[in-house]
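Structure first, then comments.
These numbers were taken from a predicted model, which means no experiment stands behind them.
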Amino acid sequence: MRTMGRSPLNRSLKRGVAILRAFRPGTELLGNGELAERTGLSRASISRLTQTLTEVGYLEYCAPQRAYRLGAPVLTLGHAMRSGSPVLRVATPPMTALARRLRINVGLAVRDGDEMVYLESVRFNTKGSQRSVVSGQRVPIELTALGRAWLAVAPEIERKTLMAQLKAKRRKRWSKLGKEVGEAAAHVKQNGYCVASWQPQVIALATPLLSARHPIHVLNISVTTEEPLEVAICALEQPLLALAAHLRQAINVIEL
């Protein structure tokens with residue numbers, strides 16, 4: 001049903017974007033069958049769309065493997081987004097300064113589907129870390145401080161829809177995860193941030209950044225440490241909240 005005042009969505013464009021989204025870090029090549037499985041589209045649709053995307057350069061065809069990889073123009077879109085983001089322009093310098101001063105990791109992310117995607121990741125705490133987090137990397141929304149902070153302030157209809165999807169996705173674990181998501185929301189409301197430790201010895205704190213003209217951004221601080229959770233929180237909560245306050249003010253200025 002068409003909504004008044006809105007043009008109908010272009011289905012072909014939407015499907016083409018779904019194909020590009022199917023490629024994730026660690027996935028170099030995908031054939032038509034794998035793309036159909038990941039997108040839910042028919043093989044006939046996949047064949048037409050991959051041919052078009054290859055012709056315009058967004059996919060490259062590997063004949064020996066009978067599969068596709070992302071083309072260089074995709075990278076230019078990411079660079080254009082980062083260089084054109086007014087939020088990143090004001091956020092990156094103070095994020096970098098704090099990360100360097102305290103030897104910690106500082107990130108900024110937004111929601112994409114049922115994941116959070118990093119727009120910026122400044123890493124100065126690499127002790128014992130098994131992960132290399134970079135811009136464009138995705139993390140699960142339901143497991144991370146980033147995602148739980150986003151859920152804490154998301155519009156109600158959007159939050160309920162996503163929570164239903166997450167419940168279906170994590171059926172066996174949802175009793176525990178749902179409780180943790182609720183506790184994180186209460187912590188954000190009371191203290192301005194939430195905490196999660198979904199990987200061994202990695203502790204992360206996150207706080208949402210709300211603005212009138214931009215999607216919800218979430219700022220996080222993380223460290224790899226053997227210290228007790230309470231000790232790490234005590235050391236990180238004030239730097240996180242101070243940086244968040246600074247960024248909110250800076251974002252409000254660029255919206256004027």
Side-chain angles (χ1 to χ4, degrees), residues 2 6-85 87-89 92 105 107-123 126 129-144 146-147 150 161-162 164-166 168-173 198-199 202 215 217-218:
R2 180 176 174 179
R6 294 184 60 184
S7 299
L9 296 177
N10 186 300
R11 294 179 64 192
S12 294
L13 177 58
K14 187 176 180 180
R15 291 173 174 180
V17 170
I19 288 176
L20 298 178
R21 283 178 179 272
F23 290 86
R24 298 295 180 89
T27 303
E28 179 184 351
L29 292 166
L30 290 174
N32 282 348
E34 293 166 303
L35 288 168
E37 182 178 343
R38 293 191 178 200
T39 61
L41 300 174
S42 69
R43 287 190 177 226
S45 294
I46 291 291
S47 181
R48 291 193 299 270
L49 291 165
T50 51
Q51 183 177 350
T52 300
L53 288 167
T54 301
E55 185 173 336
V56 298
Y58 282 85
L59 291 181
E60 295 177 0
Y61 184 63
C62 177
Q65 301 290 336
R66 300 183 67 182
Y68 299 88
R69 61 168 56 89
L70 291 176
V74 176
L75 182 61
T76 67
L77 291 178
H79 178 68
M81 180 273 151
R82 283 173 49 78
S83 63
S85 168
V87 174
L88 280 179
R89 198 155 47 240
T92 301
N105 307 320
L108 187 69
V110 295
R111 176 203 171 196
D112 184 18
D114 62 355
E115 297 174 307
M116 298 296 290
V117 58
Y118 275 95
L119 302 180
E120 185 63 272
S121 178
V122 186
R123 305 187 70 78
T126 56
S129 177
Q130 301 298 312
R131 302 171 67 228
S132 178
V133 179
V134 297
S135 301
Q137 188 156 333
R138 299 167 179 270
V139 294
I141 202 167
E142 70 277 16
L143 300 180
T144 59
L146 281 170
W150 185 91
T161 300
L162 181 57
Q165 295 172 0
L166 295 173
K169 174 184 174 183
R170 300 281 188 178
R171 290 189 301 272
K172 294 181 179 179
R173 298 180 57 192
W198 68 292
Q199 293 186 314
V202 178
H217 287 66
V218 181

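In this structure, Arg82 contributes its side chain and Leu119 its backbone to a donor-acceptor pair below 3.5 Å. Glu34 contributes a side-chain N or O that, together with a main-chain N or O of Gly31, makes up a donor-acceptor pair within less than 3.5 Å. Of the possible polar contacts, none joining the Ser135 side chain to the Tyr118 backbone as a donor-acceptor pair under 3.5 Å is found.
For the atom pair CG (Asn10) and CZ (Arg15), the distance works out to 10.0 Å, reported to the nearest 0.5 Å. Note that OG1 of Thr39 is 10.0 Å distant from CG of Leu30, once rounded to the nearest 0.5 Å. Residue Thr50 holds its OG1 atom at 3.5 Å from OH of Tyr68, rounded to the nearest 0.5 Å. The line from OG of Ser85 to CD of Glu120 is 10.0 Å long, rounded to the nearest 0.5 Å. Separating the CZ atom in Arg48 from the CG atom in Asn32 is a distance of 11.5 Å, to the nearest 0.5 Å. To the nearest 0.5 Å, atom OH of residue Tyr58 and atom CD1 of residue Ile19 are 14.5 Å apart.
Residues Phe23 and Arg69 come closest through the heavy atom pair CE2-CA, 4.0 Å. When all heavy atoms are compared, the tightest approach of Ala36 to Leu41 is CB-O, 3.3 Å. Closest heavy-atom contact between Gly136 and Val117: O-CG2, 3.6 Å. Residues Leu162 and Gly113 come closest through the heavy atom pair CD1-O, 4.0 Å.
A salt bridge links Arg24 to Glu115: one of the charged nitrogens lies within less than 4.0 Å of a carboxylate oxygen. With salt bridges taken as basic N to acidic carboxylate O contacts below 4.0 Å, one links Glu142 and Lys169.
Heavy atoms from other residues, nucleotides or ligands lying under 6.0 Å from CD of Glu60 number more than 12. Other residues, nucleotides and ligands place more than 12 heavy atoms under 6.0 Å from the CZ atom of Arg89.
For the pair Arg66 and Tyr61, the minimum side-chain heavy-atom distance is below 4.5 Å. Arg43 is not listed as a side-chain neighbour of Ser45, based on a closest heavy-atom distance of 4.5 Å or more. For the pair Leu143/Arg170, a side-chain contact is recorded, criterion being any heavy-atom separation below 4.5 Å from C-beta on. Residues Pro25 and Gln137 are not in side-chain contact: their nearest non-hydrogen atoms beyond the backbone lie 4.5 Å or more apart. Counting heavy atoms from C-beta outward, Val74 and Leu59 have side chains that stay 4.5 Å or more apart. Contact check for Leu108 versus Val87: side-chain heavy atoms found under the 4.5 Å cut-off. No side-chain heavy atom of Ile141 sits less than 4.5 Å from a side-chain heavy atom of Gln165. In this structure, Val122 and Asn105 have side chains that are not in contact, with every pair of non-hydrogen atoms separated by 4.5 Å or more.
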